[in-house]
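What follows is a single structure, written as structure tokens, with notes after it.
If you read the sequence from its start, that first residue is 1, and numbering goes on from there.
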Amino acid sequence: MEKKFSGKIWKFGNDIDTDTIIPGKRGTIPDRNEMKKYAFELLKPEFGSTVQPGDILVAGTNFGCGSSREQAATVLSYNGVRCIIAKSFARIFFRNAFNSGILLLTCDQIQDVCEGGDIVTVDVDAQTVSVNGKTFKVGAVPENLYNIVANGGLIEDTKKRLAAGNVKMDIKPLSMEQCRKKGYTMVEKILKKNAGKEHVAPGDIVITKPDMFMIHDIYTTYLLETMKDIGADKIDDPDKVTIVWDHCMPTAVAKNDYDHYEAGLELAKTYGIKKLHIGEGICHTIMHEAKYAKPGEIATATDSHTTTYGGAGNFCSGIGTAEMAAALITGELWFKVPEAIKIVLNGHLRDGVMSKDVILRILGDIKADGGQYKSLEFTGPAAHEMSMEQRFTVANMALEAGAKCGLFEADEKTAEYYGMPLEDIDWVCVDDEAKYEKVLTYDVSELEPQLSCPQGVDNVHPISEVKGTKMDEVYLGSCTNGSIEDMEVAARILKGRKVAKGLRVIVIPATQKIYMQAIEEGLVQTFIRAGAVVSTPTCGPCLGGYMGILAEGERCVSTTNRNFVGRMGHVDSEIYLASPAVAAASAVTGKISQPSDLGL
């Protein structure tokens, strides 16, 4: 790849998310040459048919926020996009784009002096971009990332490593005594333990050997294709890998979903993967329910909400398909040690207020990029009062602030949940001596129910400001709020009551285990008697796949984790993210409500 080149500009604004780059419903198209036609179809429908090889995107802040789906980078690469210049990039998209062979440059000035169609010149060595007679400095490109781009992406880079014998690093994990050394953030402790480093600091690059890998069905076709392209006939450790069929189960699109199903089975057979979960539930809930992602360990998966397991003090972060393939083959994965933000939760949650309200309030305060490539580390009395399920909810949505991970301290509840001795994991804690970028303190006793309003997860308002907004649908479920505790909260509110006339109410337990327990406790009967529809565990409506898709102009109260434009259906539908308590109360009234509105 030449280090000086020019290209035509396509201009975009701030917070261009992965659903805008390629809608979720298009992300299951097996043929990437077919998929690329739908790039930006909701925002610039002409893009897929008129973009030319060598074109360059110019954007604002937080480009590529949202999902970890590598398809967002892949469709741009397949369309010939050579380079993206933005004020900042979402951290998973950043990795995926380089892995797809796209050069990313940071610049916060060019956006004001260019328009779509202008010609921009990039000089990598000089670290400049020039347009309309003006030249601006850009951030340096790390040599290892430039080499990946120069080699044509991570797939070609991995082929070269295999050809050289796939030499692996000798990493010896730290002893328990070394793990207990004070003065480190939780993320630093976990990374240095796994990488065998006695000291790490923010900005350091460490090579780790993850303890668990998870692939879900949206990515099986692309992962299988990538593994074949690389020429890999085995992976490092099949026992460290699980495949979960959840996004395309039950199937919604006859050919596409079938291809993903079959590809998962072929991956398992070819590479000896035994930990398979076909239609058993949503991947992130399976990961902690099956105890795959343990405290103090490292897990990674082909999904952005991998941060969920941080509720147990597990360092977990989403990666794309190419990087997953390389990591499965080598057993290794590099991470840049992130800065950390300590979040102290004091007080006690009031009746009708849940952990979902806590994380929504935090997101409203720090915004969608306020935790960009940070470790959000939760401590304080209210954090320890939270159940494991409540902690998983908070960690799940830490990603929506751009966080690399969201970590809770390992305590007695963690040890009991995982059946582990506390003394083996109590080093996963906040040290007073650790250096944090900043400390945020909340008194949750003062918190009222919160809602994330259209359009954007950080558009958060207290319920008092949006109460009474009429709804067309209420959705209870997802990896964020599909736990048995969430089902119990909703059932207590709905018991003896009826769903508002004309309102669709959909309940989807996160896993079959939770579904069975909900039946045994009589919760499913309560939902059905109230007039709700109860479905088999699946990601379904959360990604705009099926089972509750919104039509034009419709509004939904949802317990999911994203409300991007078109996320759950039509581009002109609206999603209000809320807790299960608010969702259930709203189901009764047909408009945004809280339990106290029902006298509870």
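Note: Phe93 and Phe89 have parallel aromatic rings, judged against thresholds of 30 and 60 degrees for the angle between ring planes. Below 30°, between 30° and 60°, or above 60°: for Phe40 and Phe47 the angle between ring planes is above 60°, a perpendicular geometry. Aromatic ring pairs are classed by plane angle as parallel below 30°, tilted from 30° to 60° and perpendicular above 60°; the pair His305 and His284 is perpendicular.
Checking Glu280 against Thr511 by side-chain atom types alone, no donor-acceptor pair falls below 3.5 Å. Counting only N and O atoms by type, the side chains of Asp217 and His260 include no donor and acceptor under 3.5 Å apart. Between His348 and Glu385, the side chains place a donor N or O and an acceptor N or O closer than 3.5 Å (distance only, hydrogens not considered). Residues Gln372 and Asn62 have side chains that bring a donor and an acceptor to within less than 3.5 angstrom of each other. In this structure, a donor-acceptor pair under 3.5 Å is present between the side chains of His288 and Tyr417.
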Take Ile16 and Leu43 through the test side chain to side chain contact (heavy atoms under 4.5 Å, CB included) and record every step on the way to the result. CA-CA 10 Å; Ile16 299 298; Leu43 186 63; 4.0 Å; yes
What do the steps show when you test Met487 against Leu476 for side chain to side chain contact (heavy atoms under 4.5 Å, CB included), and what is the final call? CA-CA 8 Å; Met487 299 293 123; Leu476 170 66; 3.8 Å; yes
Please lay out, stage by stage, how Arg361 and Asp365 fare under the test salt bridge (Lys or Arg N to Asp or Glu O under 4.0 Å). CA-CA 6 Å; Arg361 183 64 269 151; Asp365 290 343; 3.1 Å; yes
With side chain to side chain donor-acceptor pair (under 3.5 Å) as the criterion, how do Glu552 and Ser573 come out once you've worked through the C-alpha distance, each side chain's angles and the decisive distance to 0.1 Å? CA-CA 5 Å; Glu552 181 179 4; Ser573 61; over 6 Å; no
Taking it one step at a time, do Arg562 and Ser452 satisfy side chain to side chain donor-acceptor pair (under 3.5 Å)? CA-CA 9 Å; Arg562 288 196 174 127; Ser452 172; over 6 Å; no
Full working for side chain to side chain donor-acceptor pair (under 3.5 Å) between Asn396 and Thr480: CA-CA 6 Å; Asn396 174 279; Thr480 313; 2.9 Å; yes
Ile341 and Leu440: side chain to side chain contact (heavy atoms under 4.5 Å, CB included), yes or no, with the steps? CA-CA 7 Å; Ile341 298 174; Leu440 304 177; 4.1 Å; yes
Stepwise salt bridge (Lys or Arg N to Asp or Glu O under 4.0 Å) check, Glu554 with Arg504: CA-CA 11 Å; Glu554 287 194 318; Arg504 303 190 303 272; 2.9 Å; yes
Go through it in stages, so that I can follow the logic: the residues are Asp458 and Lys367, the test is salt bridge (Lys or Arg N to Asp or Glu O under 4.0 Å), and I'd like the CA-CA distance, side-chain angles, deciding distance and then a yes or no. CA-CA 5 Å; Asp458 57 3; Lys367 301 303 179 185; 5.2 Å; no
Apply the test side chain to side chain contact (heavy atoms under 4.5 Å, CB included) to residues Ile362 and Phe378: give CA-CA distance (whole Å), side-chain angles for both, the deciding distance (0.1 Å), then the verdict. CA-CA 11 Å; Ile362 293 169; Phe378 299 89; 3.9 Å; yes
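One distance of note links CD of Glu488 with OG of Ser483; it measures 8.0 Å at 0.5 Å rounding. One finds the CG atom of Asp15 at 9.5 Å from the OG1 atom of Thr20 (value rounded to the nearest 0.5 Å). Here CD1 of Ile592 is found 12.0 Å from NZ of Lys470. Values are rounded to the nearest 0.5 Å. The distance from atom OG1 of Thr74 to atom CE of Met35, rounded to the nearest 0.5 Å, is 7.0 Å. For the atom pair Met471 CE and Ser586 OG, the distance stands at 7.0 Å (nearest 0.5 Å). Atom CD of Glu574 is separated from atom OH of Tyr576 by 4.5 Å, given to the nearest 0.5 angstrom.
Across all non-hydrogen atoms, the minimal contact from Tyr418 to Met388 is CE1-CE, 4.4 Å. When all heavy atoms of Val499 and Leu503 are compared, the pair lying nearest together is CG1-O, 3.7 Å. Closest approach of Cys316 and Gly310 over heavy atoms only: SG-N, 3.3 Å. Across Asp246 and Thr538, no two heavy atoms sit closer than the pair O-OG1, 3.2 Å. Pairing each heavy atom of Ile549 with each of Tyr546, the nearest pair is CD1-N, 3.4 Å. The minimum heavy-atom distance between Gly13 and Ala59, with the atom names listed, is O-CB, 3.9 Å.
For the pair Ile21/Gln71, no side-chain contact is recorded, criterion being any heavy-atom separation below 4.5 Å from C-beta on. Val358 is not listed as a side-chain neighbour of Tyr442, based on a closest heavy-atom distance of 4.5 Å or more. Looking only at side-chain heavy atoms (C-beta outward), Cys453 and Val466 come within less than 4.5 Å of each other. With a 4.5 Å cut-off on side-chain heavy atoms, Ile508 and Ile282 do not count as touching. Residues Lys374 and Lys404 form no side-chain contact, since every pair of their non-hydrogen atoms from C-beta on lies 4.5 Å or further apart. Looking at heavy atoms from C-beta onward, Leu550 lies in side-chain contact with Cys556 at the 4.5 angstrom threshold. Between Leu104 and Phe63, the closest side-chain pair of non-hydrogen atoms is not below 4.5 Å. A heavy-atom distance below 4.5 Å is found between the side chains of Met568 and Ser558.
Checked by atom type and distance alone, the side chain of Tyr373 never pairs as donor or acceptor with a backbone atom of Ala90 at under 3.5 Å. The backbone N or O of Ile463 lies less than 3.5 Å from no partner atom in the side chain of Gln450, so there is not a single donor-acceptor pair. Judged purely by atom type and a 3.5 angstrom limit, Asp411 uses its side chain to pair as donor or acceptor with the backbone of Lys413. Remark: side-chain polar atoms of Ser375 are not paired, donor with acceptor, to backbone N or O of Ala340 under 3.5 angstrom. Lys44 places no side-chain N or O within 3.5 Å of a backbone atom of Glu41 that could act as its donor or acceptor partner. Looking only at distances, no side-chain donor or acceptor of Thr306 sits under 3.5 Å from a matching main-chain atom of Thr302. Looking only at distances, a side-chain donor or acceptor of Arg497 sits under 3.5 Å from a matching main-chain atom of Ile493. Checking side-chain atoms of Lys11 against main-chain N and O of Cys114 turns up a donor-acceptor pair under 3.5 Å. Within the 3.5 Å criterion, the main-chain N or O of Ser355 finds no donor-acceptor partner in the side chain of Arg391. A donor-acceptor contact shorter than 3.5 Å is absent between the side chain of Thr285 and the backbone of Gly281.
The aromatic ring centroids of Phe408 and Phe392 lie 6.0 Å or more from each other. The six-membered or imidazole ring of Phe335 lies near that of Phe315, with a centre-to-centre distance under 6.0 Å.
Partner Asn481 forms a side-chain hydrogen bond (donor to acceptor under 3.5 Å, both in side chains) with one of Asp486, Thr560, Asn561, Thr559 and no other, that one being Asp486. Put simply, the residue from Ile575, Thr469, Val474 that forms a side-chain contact (heavy atoms from CB on, under 4.5 Å) with Val557 is Val474.
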